[in-house]
Amino acid sequence: MYNSIDATLEKLNDRQREAVQITEGPLLVVAGAGSGKTRMLTVRIAYLIECCHVDPSEILAVTFTNKAAKEMKERVAGLVPDASGVTLTTFHSFCCMLLRRWSKYAGFEKGFTIYDESDSEKLMKNCLKELKFDTKTFPPKFCLEAISKAKNELIGPESYLENCNHGVGPTDIAIQKAYESYQAALFKNQAVDFDDLIFKAFYMLNNNTELLNRLQNEYKYFLVDEYQDTNQAQYRLIRMLSSKTRNLCVVGDEDQSIYSWRGATIRNIQEFAKDFEGAKVVKLEQNYRSTQIILDAASDVISHNNSVHPKRLWTDKEGGELIKYYRAIDDREESNWIVSQIKKLMDSGRSPGDIALLFRMNSLTRTTEQALQRERIPYEVTGGTKFFDRREVKDILAYLRVIDNPSDSISLERIINTPKRGIGAAAIDKLYEKGSKNLWDGVALEGSEKSNSKVGSFFKQMISFMEAASELKVHELCKHIIDEIEYFEYLKKDDPETYEDRKTNVESLVSDIRYQELDNPDLKLHDYLASVALHADADDVDEKSHKVHLMTFHNAKGLEFPVVFMVAMEEKIFPHSRSEDSPEELEEERRLAYVGITRAKELLYMTAASKRMMFGQFNSNLTSRFISEVPKELRDDIKTGYASGGMTSRYGSESSGKIYSFSNKTSPFGTRPKSSSGSPFTFSAQTKWASSTKPKETIKDDTEPGTMVNLKEGVTVIHNVFGHGKVMSVSGASLDDFKVTINFERVGTKTLLLQYASVRVIK
DNA sequence: TGAATCGATGTTTTT
DNA sequence: CATCGATTCA
C-alpha cells in the first residue's frame with residue numbers, strides 16, 4: 001500500500017505534495033482554478049490514512065456540494081482500500097446529522113423538518129400577519145434576508161438589536177420582532193431553515209461542553225474545501241471543532257468567491273493566518289486545465305479587481321485558440337449562431353457532452369433551448385425550476401412531511417385541501433384556533449369530535465397513512481398515498497393540459513425514492529426528506545453525459561468542459577444590474593466571470609445580443625465590460641452576418657413574414673418541465689420539429705474597441721441636441737455597439753449609441 | 001367555498 | 001411575460 005501512495009505522490013507537483021504532507025497544524029492552500037485541488041485533497045486524505053495511520057473515522061472533510069463530496073469519496077476509495085469511515089460531506093448535511101443525533105440537546109422533541117425558502121416564506125407571512133405588520137413595508141423576503149444574515153453571524157433574536165452596529169432604527173425593531181416570532185413558529189412546527197442547521201449545531205456544541213469534547217476527540221483531522229465560500233457561522237463551527245488538534249487544512253481561492261450574497265465572507269480566507277496562529281500557506285498556481293490564452297484572458301479580467309494576493313496561473317499548454325466573441329442582433333439570432341457553432345463542433349467529432357453553455361440567470365436559457373431542440377441536439381439543463389419545487393412533487397412531499405412530522409403546519413396547510421376537500425381558508429383559521437395555534441392539534445380535536453365531517457375523514461386518512469408508514473417502505477407509502485387521495489384524478493381535473501407532465505413528475509418522485517432505497521434498503525422517511533431538502537441542483541450535473549450542458553455560472557463552479565460558451569454577455573445582465581452601484585458586488589460579478597472563463601479547457605466563446613426579449617419586451621444592452629476586459633489580442637471578434645443577408649430569409653419563412661413571432665403556450669414545446677437532472681429524472685427532447693438550418697457563414701471584421709481614442713471618461717463634449725456634457729463612461733467591444741454615457745448639464749445622464757450620436761470632444 | 005378575473009408586481013445567483 | 005394575490009361573483 002505504501003508503494004501505491006508513493007507512486008501517487010510522485011505524480012503530484014512540488015506544491016501539491018507539500019500541501020499533502022503538511023499534515024499537522026493549520027494549513028491554508030491557495031488553490032487557483034484548475035490547479036488540481038481535488039487531487040491534492042483526495043491524496044491528502046489517503047496519505048493521512050496510509051502513511052500517518054490516521055483512522056478514517058478521525059477525518060472530517062467538508063465540501064460545498066453533495067456532488068463534490070460524493071466525487072471525493074469515490075476518488076479516495078480508489079486510493080485506499082477502506083476509506084468508508086471518513087466523514088466527507090457538506091456543512092449542512094454534517095450539521096443535520098449532528099442535530100438528528102442529539103436532537104434533544106438541540107431542543108427538539110423528536111425529529112425536525114427542514115424548511116426550504118418557500119416554506120420559510122409562508123411561515124414568515126403567517127408571522128407577519130400575526131404581528132399585524134404590513135407586508136408591503138416589511139415583505140417576508142426582506143425580513144428573511146435580514147434574519148438569514150444574522151444567523152450566518154450567529155446572532156440570535158435576543159441579541160439582534162445590540163448587534164445593529166449602525167444604530168437601532170424602527171426597521172431593526174420590527175425585524176427583531178419578526179425574528180422572534182419566526183423562530184417561535186419554527187419551533188412550534190418542529191422545523192428549521194437552512195441557516196438554522198449551522199446556527200443550531202454551533203450553539204448545541206457551544207452550550208454543551210461534554211458533547212463538544214466528545215466530537216473533538218472523535219475528529220482529529222479537518223479539511224474544508226471552497227473555504228472562500230464559508231460564512232461566519234461555518235467558520236466558527238469548524239474552528240471550535242478543530243481547536244483541540246488544530247489540524248485544519250482549508251482550501252480556497254479568493255478569486256472564486258461568488259457567494260457573498262449568501263453570507264460567505266472572504267475574510268475567512270484572508271484572515272486565516274491571523275485566525276490560526278502558526279498557519280502555513282501553500283499556493284497552487286500551476287493550471288492543468290486550460291490553454292494559456294484562456295488563462296491570460298481570465299487573469300486580465302480578474303486583474304480589474306483589487307485582489308489581496310495577486311497570483312498568476314500558468315500552464316505548460318502554450319497558446320491555444322483565441323476567444324471567439326460574437327455579437328448577435330437579438331437573442332434568437334444569438335442562439336442560432338451558438339447552435340450553428342455547436343453543429344460545427346459536432347461535425348468535427350466533438351461530443352455534445354464536451355460543451356457547456358453558461359448563463360448569468362436561469363431564465364436566459366429558454367431561447368437557446370428552443371434552438372437546440374429545433375436542431376435535435378441533446379442537451380441538459382441544470383437548475384432553474386427545481387424538480388422538487390414543482391407543485392405536484394411538493395404536494396406529495398408535503399403528505400410525507402406531515403406523516404413524518406404532524407407539527408409541520410406549513411405542509412399540513414398545503415395538503416389539507418389538496419385534493420379539494422372543501423376545507424378552505426376560513427376553516428383552516430378555525431382549526432388553528434381550536435388547536436391553540438397548532439393546526440394538527442386542531443385537526444385532531446375536530447376530527448375526533450366529528451368523525452364524519454370533512455375534517456374528520458381527512459384526519460382518519462392521515463392517521464391511516466401514519467400507521468402505514470411504519471410498515472411500508474417509503475416508496476410503497478408514497479404510492480399508497482397517491483392512490484388513496486386519488487391524486488392523478490385530481491391532477492387531471494385540475495388542469496388536463498399539464499396532466500401528463502405532472503403525472504410523469506410524480507412518478508419520477510416515486511422512482512427517485514425507489515432508487516435511493518436500492519442504495520439504502522433501510523431508508524427512513526425522515527432521512528429521505530432530509531436528503532431532498534439538502535439536495536442542490538448542482539448535485540446532479542453529469543459531466544459524463546453526451547448532452548450539451550446548460551447552467552448558470554454559479555452552478556458551473558468546480559466543473560470543467562472542453563468547450564464553453566458564455567452567453568448573454570451584456571451589461572445589466574452580466575454584470576447584473578443590481579450590482580452596478582456597489583463596487584463590492586461588481587467585483588463579485590467579475591469573479592463570477594473569472595469562474596466562467598476558467599471552466600474552459602480548450603475553446604471559449606462569448607456571445608452577446610444587441611437586443612433581447614426580456615419580461616415581454618425588447619431591451620438593448622451594452623456589451624459586457626467583461627468582454628472588453630479581455631485584451632483584443634486574445635479575442636477573435638466575429639461580426640454578425642445579418643447585414644449581409646443569411647439570417648433574414650430564415651426568420652421570414654418560419655414566421656410568415658413577421659420577424660419576431662414568439663411561441664406561447666400553444667407551441668410544440670408544450671409545458672415540458674424546464675429542469676431535469678440526472679437519473680432518474682430525464683425528459684426526452686421534442687421531436688416534432690422538422691427543419692434543417694444551414695450554418696450561417698460568419699464574416700470576419702477587424703473592428704476593434706478603443707478606436708475613439710480621445711473620447712474617454714472625464715472629457716467634456718458637445719452634442720447638437722443635448723448641449724454640453726461630461727463623459728461618465730465609455731463601453732462596448734466593437735464599433736456597432738460602442739456606447740458612451742454622458743452627464744449633460746441641461747438634461748442629465750444619457751447613454752448614447754456612438755454610431756448615431758453626434759458628439760464632439762471639446763476639452 | 002371555489003372559480004374567475006383583474007391587476008399589480010417582480011424578476012440573480014442557492015446550501 | 002408569467003406568476004401570484006386580492007377581489008369579485010356564482
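In what follows, chains are A, B, ... by sequence order, proteins preceding strands, each numbered from 1. Keep in mind that what you see is a predicted model, and the values were worked out from it rather than measured. Heavy atoms only: backbone and side chains are in, while hydrogens, waters and symmetry mates are out.
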So [X] and [Y], would you call those rings parallel, tilted or perpendicular, with 30° and 60° as cut-offs?
X        : Y        : value
A:Trp261 : A:His554 : perpendicular
A:Phe138 : A:Phe133 : tilted
A:Tyr219 : A:Phe94  : perpendicular

Next item on the list: Verify the distance criterion only: is there a donor paired with an acceptor across the side chains of A:Ser120 and A:Asp193 at less than 3.5 Å?
Entry: no

Item checked: salt bridge (Lys or Arg N to Asp or Glu O under 4.0 Å), paired with A:Arg612, selected from A:Glu570, A:Glu333, A:Glu571 -> A:Glu570

Next item on the list: Classify the nucleic acid contact of A:Glu588 as base, sugar-phosphate or nothing, counting any heavy atom under 4.0 Å across all strands shown.
Entry: nothing

Notebook entry, point to check: Base, sugar-phosphate, or nothing for A:Ala425, non-hydrogen atoms under 4.0 angstrom?
Noted result: nothing

Notebook entry, point to check: Please walk me through it: do A:Phe561 and A:His549 pass ring pair (Phe, Tyr, Trp, His ring centres under 6.0 Å)?
Noted result: CA-CA 9 Å; A:Phe561 302 95; A:His549 304 273; 5.0 Å; yes

Next item on the list: Would you mind listing every ring pair (Phe, Tyr, Trp, His ring centres under 6.0 Å) that reaches into residues 564-595 of chain A, with sequence neighbours excluded?
Entry: A:Phe553-A:Phe574, A:Phe565-A:Tyr605, A:Phe574-A:Phe626

Checklist line | Pairing of A:Lys394 and A:Asp116 as salt bridge, 4.0 angstrom limit | finding: yes

Next item on the list: State whether A:Asp408 and A:Arg401 are salt-bridged, where the test is any N-O pair (Lys NZ or Arg NE/NH1/NH2 against Asp/Glu carboxylate O) under 4.0 Å.
Entry: yes

Note to self: Please report the distance separating the P of B:dT13 from the corresponding atom of C:dC4, rounded so that it comes out in whole Å.
What the structure shows: 15 Å

Please list, pair by pair, any protein nitrogen or oxygen found under 3.5 Å from a nitrogen or oxygen in nucleotides 6-8 of chain C.
none

Check: Would you say A:His554 stacks on B:dT13, if stacking means ring centres under 5.5 Å apart and planes within less than 30 degrees?
Finding: no

Exercise answer: donor-acceptor pairs, residues 422-432 of chain A side-chain atoms, under 3.5 Å, sequence neighbours excluded:
residue	atom	partner	partner atom	Å
A:Tyr432	OH	A:Ser409	OG	3.4
A:Tyr432	OH	A:Glu413	OE2	2.7

Between [X] ([atom1]) and [N] ([atom2]), how many Å, whole number?
X        : N      : atom1 : atom2 : result
A:Arg578 : B:dT11 : CZ    : P     : 8 Å
A:Lys151 : B:dT14 : NZ    : P     : 21 Å
A:Asn619 : C:dC1  : CG    : P     : 13 Å
A:His535 : B:dT14 : NE2   : C1'   : 13 Å
A:Phe91  : B:dT15 : CZ    : C1'   : 11 Å
A:Glu226 : B:dT13 : CD    : P     : 20 Å
A:Trp261 : B:dT11 : CH2   : C1'   : 15 Å
A:Met97  : B:dT15 : CE    : P     : 20 Å

Within less than 4.0 Å of OP1 or OP2 of [N], is there a side-chain N or O belonging to [X]?
X        : N      : value
A:Asn555 : B:dT14 : yes
A:Thr552 : B:dT14 : yes
A:Lys125 : C:dG5  : yes
A:Asn362 : B:dT13 : yes

Next item on the list: Name every residue in residues 228-240 of chain A that has at least one heavy atom under 4.0 Å from any atom of DNA chain B, in order of residue number, or write none if there are no such residues.
Entry: none

Item checked: Gap between atom CG of A:Leu400 and atom CG of A:Asp395 - 0.5 Å precision -> 11.5 Å

Short N/O separations, protein against nucleotides 2-7 of chain B, under 3.5 angstrom:
residue	atom	partner	partner atom	Å
B:dG2	OP1	A:Gly422	N	3.4
B:dG2	OP2	A:Asn417	ND2	3.3

Check: Where the side chain of A:Glu585 is defined as all heavy atoms beyond and including C-beta, which of B:dT14, B:dT15, B:dT12 is the nearest nucleotide?
Finding: B:dT12

Item checked: Residue whose closest nucleotide on DNA chain B lies nearer the 5' end, A:Ile428 versus A:Asn66 -> A:Ile428

Item checked: Check: B:dT13 base within 3.5 Å donor-acceptor of A:Arg360 side chain -> yes

Note to self: Taking the six-membered ring of A:Phe222 as reference, does the cationic atom of A:Arg239 (NZ for Lys, CZ for Arg) lie under 6.0 Å from its centre and within 45° of its axis?
What the structure shows: no

Identify all side-chain donor-acceptor contacts of residues 197-205 of chain A below 3.5 Å with residues at least two apart in sequence or on another chain.
residue	atom	partner	partner atom	Å
A:Tyr203	OH	A:Leu154	O	2.6

